Amino acid sequence: QETTEGHDEL
Amino acid sequence: MNIFRILGDVSHLLAMIILLVKIWRSKSCAGISGKSQILFALVFTTRYLDLFTIFISVYNTVMKVIFLVCAYITVYMIYMKFHKTFDREHDSFRLEFLLVPVTGLSFLENHSFTPLEILWTFSIYLESVAILPQLFMISKTGEAETITTHYLFFLGLYRALYLANWIWRYHTENFYDQIAVVSGVVQTIFYCDFFYLYVTKVLKGKKLSLP
């Protein structure tokens with residue numbers, strides 16, 4: 001799945 | 001958080017510190033592209049606006065702040081403190097050739113059409129090409145100081161480790177972010193030629209110079 005809620009990577 | 005991700009972040013941080021130490025110790029930013037550094041400052045600024053909207057972890061917040069501070073100090077060193085040593089003549093890459101397509105693409109291909117998300121996408125696309133003015137400068141002058149090549153090596157290593165991180169996350173968490181992955185692959189490809197020169201020349205104690 002793709003995430004669109006916030007990006008946890010730098 | 002996996003080992004590839006941690007090592008990737010560490011090499012990213014290390015790259016920025018190497019660059020700052022090089023400039024500070026030699027009191028010179030000769031051979032460094034100010035344009036690439038401005039682009040990296042722009043990358044972090046547009047990507048880390050979520051510092052104000054979402055809390056992910058202490059690690060995440062601290063690293064974002066450190067990256068932002070390092071990027072702005074570097075730009076300050078090049079354009080203010082040691083501007084007399086800045087090789088403006090050879091830093092002649094036309095930024096609009098990067099900024100215009102990257103801006104257009106971030107409006108066309110993003111996760112959602114909201115200001116923050118478009119800026120995040122812009123930063124991801126821009127990061128993948130931000131090193132080009134630096135590589136262009138090296139190809140123009142035909143050489144690079146050894147410490148500059150260490151900087152570039154760790155910067156490229158960071159992206160390569162992130163690729164491993166994404167493969168890991170895809171298999172363990174079923175997570176993938178297509179925009180980040182495609183841009184990350186493009187970004188890593190730009191470093192391949194440099195990696196080759198780094199291994200065959202710099203690691204054998206020779207200076208990086210192009211024929």
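Since we're looking at a predicted model, the values are computed, not measured. Lettering follows sequence order; numbering is per chain, from 1.
- Only the side chain of B/N165 comes within contact range of chain A, with at least one heavy atom under 4.5 Å from a heavy atom of that chain.
- With a 6.0 Å cutoff to the six-membered ring centre and a 45° limit on the axis angle, B/K27 counts as a cation-pi contact of B/W24.
- Taking the six-membered ring for Trp and the full ring otherwise, the centers of B/Y158 and B/Y162 sit less than 6.0 Å from each other.
- For a residue to count as touching a neighbouring chain, one of its non-hydrogen atoms must lie under 4.5 Å from one of that chain's; by this rule B/N60 touches chain A with backbone and side chain alike.
- Contacts of B/F44 with chain A are absent, with no heavy-atom separation under 4.5 Å from either backbone or side chain.
- Salt bridge status for B/R169 with A/D8: present, with a side-chain N to carboxylate O gap under 4.0 Å.
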Where do B/R47 and A/H7 land on the side-chain contact (heavy atoms from CB on, under 4.5 Å) test, with the steps shown first?
CA-CA 9 Å; B/R47 187 176 308 168; A/H7 302 283; over 6 Å; no
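- Of the two parts of B/F67, only the side chain, counted from C-beta on, holds a non-hydrogen atom closer than 4.5 Å to a non-hydrogen atom of chain A.
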